[in-house]
Each structure stands twice: as structure tokens, then as C-alpha cells.
Amino acid sequence: MDSRSALIVALMMMLANGGVFGLMHRDLPVVLRPAAVSWQVGTLLVAAGCLIFVLQRYLPLALMVTLANGLVMLGLTAYWHSLRQFYGYPSSVLLLLPMFAGTLGVFWFAAFQPDTGVRIMIASAVWLSLMWGSATVLKAQAHRDSALSRRVLLAIFAGVMLFTAIRAGYYLLLGVTPDFSVLDYSSWMNLATPVVGAVLPVVGTTAFVLMCSERIRRQWERAAGTDYLTGLANRRTLTEIGALRFATARGRDGGLVLALIDIDHFKGINDKHGHAVGDIALRHVAARIESSARGGEMPARLGGEEFVVLLDHVDHGQARAAGERLRLAVQNHPFTAGELQLPITVSIGMAICRADDDNFDCLMQRADQALYMAKAAGRNRVELVF
């Protein structure tokens, strides 16, 4: 296969991938569509640049190399912009500067001072800078996005960048002549270029689609395990994590404490001010509980006006101190809704895991008994049982 045939095959694969992705992106959530559209546009722009290279015999040299390189650079810019959209970075017109500078440089050394070697160096430098921008975005997300697809796409960018640098060095050492063509089949590098170049728009697009799928899966999992009103873990998540922590605590002989929290006189807030205000009050209390929870403490909403905080690796004294911390976090921050300001307090029942507890429900039941004691004793207090 000569370099022209390899470029045509790569072009067809890019167009097919871009077209299929164009049909699929409408099925993505609205929040992911802008990034998907930008990635699709990038793939089609790179394909258009390859098409210009294929048709170079029928176009003036200055027009051909300027259009072809400019489209490829713009396509790589679209990839960079797409990844920034995907991860919530703000848009910036500055992303276009490498493309404009590179296109002008290629045009100058094609129309006014023809020099194939310089054009290759300029294009390579711009490609590297644009792919570096994309790779930097992907690498910066390692702390919050552990998806394999992200790492695969980062590896693809790194691999293509390495090849681009090797390609530039090869042509620099080769010393290309003025009549040199990237479609000259006598050079193995000309054959390798479209093959490797197709990896990013073809395999990279597949990796990007998988990134979108992984984002959707995580959102579904988060939605299934999160209380819709407060954003805290819901009862399902509490039950699952509670059972795991209970089993671990029994294995190490205790240290697990469950705090059951109930808003005092919450029915009166709903009856007097309406359920809309009641919902705002629930979010307020949830925020106070979450902000006062420390590392290793898991807050959750059990349902209605009841919340739970799981505390691990604590003893009797630490448990009571934590309960007071949670109670005061609510008491010391009155609830406001517009001009309305209401003092809100909570009663807390706490239970410490015992060796004779059969399961996590035993801990819940004893915490509920402690909560009843706190309410019976006047509310806005903490009761701890063993």
C-alpha cells in the first residue's frame, strides 16, 4: 500500500467514525452534547484536512498546504475545546491562537518563501502544542476521574505526540527537498503518518464515547444512591455502607457508632409555613450536618426529617463529643428563607456497636430508642446508649 492509499483508508475511517458519532450524540444527556459535538466537529475537520492532502495534485501548492494544515490544526483545537467542555472548563478564544499562528506560518513558507522543511516543523510544533493542551486537561482530572477510558485517551494523545516529534526529527535529519511530497511512497514515514494519524480521530473517538458512557453510568449510580432533596446519601446507600462498616467493626471489636438525628417540631414548620419552606429547612439542616461531619463520618438522609451520621473508630467519649458537635452545628445557625428566620434544633440518639449485635439493624433500633429518650427528655439534646 502506498501513502496515498493509506491516507484514503484513514480518511474513510475518520468520516465513518465522525458520521456514526454524529448519529449517536443526540442520545447523550444534554449536558454532554456540546462536548460531543465539538469532538465530532474536530474529527470531521481532521478528515477534511486529509481530503485536501489527497487532492493536492489538483490544487495550487500554497492553497493546498494552507487549507490542509489549517483544517487539521482546527480539528485538534476542537478536540482540546471538547475536553475542556467535558470537564467544565470555561471557553476561551485563546485556544485558537496556535491554529492561527500555524496556518499563517505554513501559508508564508508556501506562498512567499517556499520551504517544505520549515512548513513541516511549523505544523509539527502546532500539532504538538494542541495535543499537549488536550493531554494536560485529561491528566489534570486524574484525581476525580478514574475511568479507564480517560487514561486510554491520554495514552493515545501521548503516543501520537511522540510519533509527531519523531516524524519532525526524521524529516529534519532527512533534509527534505523543495519538491518533497508527504504522499511520496518512497518514504516509510509518509506511509506511517496516515496510519498513526488516524489513531486519534478513530480510536480516540471510541475512547471519548466510552468516557461519555462512564460519566452517564456514574451519574446513574450517584442518582440511585443520593437523596434528591438534600444531596446526601439516601437510605439505600446508608444500608449498604452501614452493613459493610458493621461487618468490619465486628471484626475489629467495635468502634462503630450510629447517630440518628431528628429535627425538633418539624411538623410545625410544615403546617405553619408550608411544605416548600419545610423542604428548604431540610436542605439547611442537611447542609449543616454535612459541613460539620469530619473525615470518616458519613451523613445520610433516612427519610422525612430524620438523618443519620455513621462514625467509625470512635470510643464513648468521642461519640458523645461528635453528637454535641452535630447538635450545635444546627442550633448555632438559624434557618432563614427570605425574610423568615427560624431557630431549628435537633434531637440525637446514638448507639455504639456491641459484640452481641446481629446486624446493622440492631444498631439502628438502639439508636432509635436513644432518640426517643432525647425527645422525651425535652429535645435539643444527645442521648447515647450502648
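Just so it is clear, the values below take in all heavy atoms, side chains as well, and ignore hydrogens, waters and symmetry mates. Values in this document were obtained by computation on a predicted structure and should not be read as measured data.
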Rounded to the nearest 0.5 Å, what separates atom [atom1] in [X] from atom [atom2] in [Y]?
| X | Y | atom1 | atom2 | result |
| --- | --- | --- | --- | --- |
| L256 | I352 | CG | CD1 | 10.0 Å |
| I344 | L342 | CD1 | CG | 6.5 Å |
| F163 | Y170 | CZ | OH | 10.5 Å |
| N270 | D279 | CG | CG | 7.5 Å |
| F208 | L83 | CZ | CG | 6.5 Å |
| F109 | L104 | CZ | CG | 12.0 Å |

Checking the side chain of [X] only, and the main-chain atoms of [Y] only, is there a donor and an acceptor separated by less than 3.5 Å?
| X | Y | value |
| --- | --- | --- |
| T226 | A223 | no |
| R245 | E240 | no |
| S38 | A78 | no |
| N234 | L302 | no |
| T43 | W39 | yes |
| S292 | I289 | yes |
| R366 | F386 | yes |
| R288 | H333 | no |
| D357 | R354 | yes |
| R151 | S146 | yes |

Ring centres under 6.0 angstrom apart (F107, F112)
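That pair passes the under 6.0 Å test.
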Would you say [X] and [Y] make side-chain contact, with heavy atoms under 4.5 Å?
| X | Y | answer |
| --- | --- | --- |
| L200 | M131 | yes |
| S91 | H81 | yes |
| I263 | F307 | yes |

Any salt bridge linking E297 with R294? Criterion: basic side-chain nitrogen under 4.0 Å from a carboxylate oxygen.
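R294 and E297: not salt-bridged.
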Does the pair D145/R218 count as a salt bridge with the N-to-O cut at 4.0 Å?
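Yes, charged N to carboxylate O under 4.0 Å.
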For residues [X] and [Y], is any side-chain donor paired with an opposing acceptor at under 3.5 Å?
| X | Y | result |
| --- | --- | --- |
| D262 | S347 | no |
| Q219 | R215 | no |
| R119 | T116 | yes |

Is there a path of hydrophobic side-chain contacts, each under 4.5 Å between heavy atoms, that joins L328 and V382?
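No, separate clusters.
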Show your working on salt bridge (Lys or Arg N to Asp or Glu O under 4.0 Å) between R320 and E324 and close with a plain yes or no.
CA-CA 6 Å; R320 183 170 290 280; E324 287 296 329; 5.3 Å; no
